[in-house]
Amino acid sequence: IPRRAVPAHASTHFAPLQRVVLARPTTLVYPLAAVGFRLPGVDSGDFLPSFVLQGILDSERGPLRSLVDSGAALDAQWVSLPYVDEAQLGFATAALRPGADPLRASRQLEEILAGYARGGIPRELFETTKRRLIAGQEESRNSIAALASDWATTIAVDREPSIAREQELIASVTLSD
């Protein structure tokens, strides 16, 4: 498909975030706790480190998933919503057993994330996550649909010329980033 000019996006100006706690009735059969954050978009120099960090937060070996192992949650994971040039949204989530307190679970999620902020990311988990992210892109070659999705994201959203280039960029992220 030949490249063609598209109209410029409207400019976006984000106000500083304030902490807000929402408690809403839901049709879910279980309570859900979520803690959300605004993260760098693809235009930011911090996008790739943020991408790797999100992989770390969603790691099966990380403390979010340990909430499930300890019985504190039925499921816990990191979820990110599609990003735009300027920002993206990320959420630490925990699905709880019926009757559990989602506000208490939200505080647990915040403490897990604050623990990373205080103590940093373990080097082994960091390096393993980078390898897992790259291997996931390699694995997409086993499926035409997944490969097409990876290529579309790489070229149209991330604005990189190839999946191989994106893998090089992921591999170049350092723990100090």
* To do: May I ask you to say whether Glu139 pairs ionically with Arg132, meaning some side-chain N is under 4.0 Å from a carboxylate O?
  => no
* Which atoms form the tightest heavy-atom contact between Val173 and Pro49, and what is the distance? -> CG1-CA, 3.9 Å
* Under 4.0 Å between a Lys/Arg side-chain N and an Asp/Glu carboxylate O for Arg107 and Glu111? -> no
* Same cluster or not: are Leu64 and Leu32 linked, directly or through other Ile, Leu, Val, Met, Phe, Trp or Tyr residues, by side-chain heavy atoms under 4.5 angstrom apart? -> no
* Asked: Any side-chain heavy atom of Ile163 within less than 4.5 Å of one from Leu147?
  -> yes
* Asked: With no hydrogens and no angle check, is any side-chain donor or acceptor of Ser140 less than 3.5 Å from a backbone partner on Gln137?
  -> yes
* With Arg61, which residues qualify under salt bridge (Lys or Arg N to Asp or Glu O under 4.0 Å), at least two apart? -> Glu124
* To do: May I ask you to test the Phe47-Gln88 pair for a side-chain heavy-atom distance under 4.5 Å?
  => yes
* Arg165: partners by side chain to side chain contact (heavy atoms under 4.5 Å, CB included), with sequence neighbours left out -> Glu160, Pro161, Ser162, Glu168, Leu169
* **Straight-line distance of Gln54 CD to Ser59 OG, nearest 0.5 Å** => 13.5 Å
* Structure fact -> Looking only at heavy atoms, the pair that brings Ala92 and Leu113 closest together is CB-CD1, 4.0 Å
* Structure fact -> Nearest heavy-atom contact between Val68 and Ala76 is CG2-N, 3.5 Å
* Under 3.5 Å donor-acceptor, Thr93 side chain and Ala34 backbone -> no
* side chain to side chain contact (heavy atoms under 4.5 Å, CB included) partners for Ala72, two or more places apart -> Leu67, Ser70, Gln108
* In chain order, what residues pass the salt bridge (Lys or Arg N to Asp or Glu O under 4.0 Å) check against Asp58, with sequence neighbours excluded? -> Arg65
* Asked: Atom OG1 of Thr174 and atom CZ of Arg123: how far apart are they, to the nearest 0.5 Å?
  -> 8.5 Å
* In terms of heavy-atom contacts, does CD1 of Ile144 have more than 12 from other residues, nucleotides or ligands at under 6.0 Å? -> no
* Rounded to the nearest 0.5 Å, what separation is found between the CD atom of Glu86 and the CZ atom of Phe14? -> 5.5 Å
* Structure fact -> Correct closest heavy-atom pair for Ala33 and Ala105 would be CB-CB, 3.7 Å
* **CG on Leu48 to CG on Asp177, rounded to 0.5 Å** => 9.0 Å
* **Over all atoms of both residues, closest heavy-atom pair of Leu96 and Pro102** => CD1-CA, 3.6 Å
* Asked: If you group Ile, Leu, Val, Met, Phe, Trp and Tyr by side-chain heavy-atom gaps below 4.5 Å, do Leu53 and Val79 land in one group?
  -> no
* Structure fact -> Distance col, row Ile170:CD1 vs Ile134:CD1, nearest 0.5 angstrom, shows 5.5 Å
* Separation of Thr154 OG1 from Glu166 CD (nearest 0.5 Å) -> 4.0 Å
* For Ile56, what residues pass the side chain to side chain contact (heavy atoms under 4.5 Å, CB included) criterion, not counting sequence neighbours? -> Val52, Tyr116, Ile121, Leu125, Phe126, Thr129
* Hey, are the side chains of Phe91 and Leu109 touching, using non-hydrogen atoms and a 4.5 Å cut-off? -> no
* With sequence neighbours left out, write down each residue that passes side chain to side chain contact (heavy atoms under 4.5 Å, CB included) with Arg19, or none if nothing qualifies. => Val21, Glu110
* To do: Kindly give the heavy-atom pair with the smallest separation between Leu89 and Arg38, and that separation in Å.
  => CD2-CA, 4.3 Å
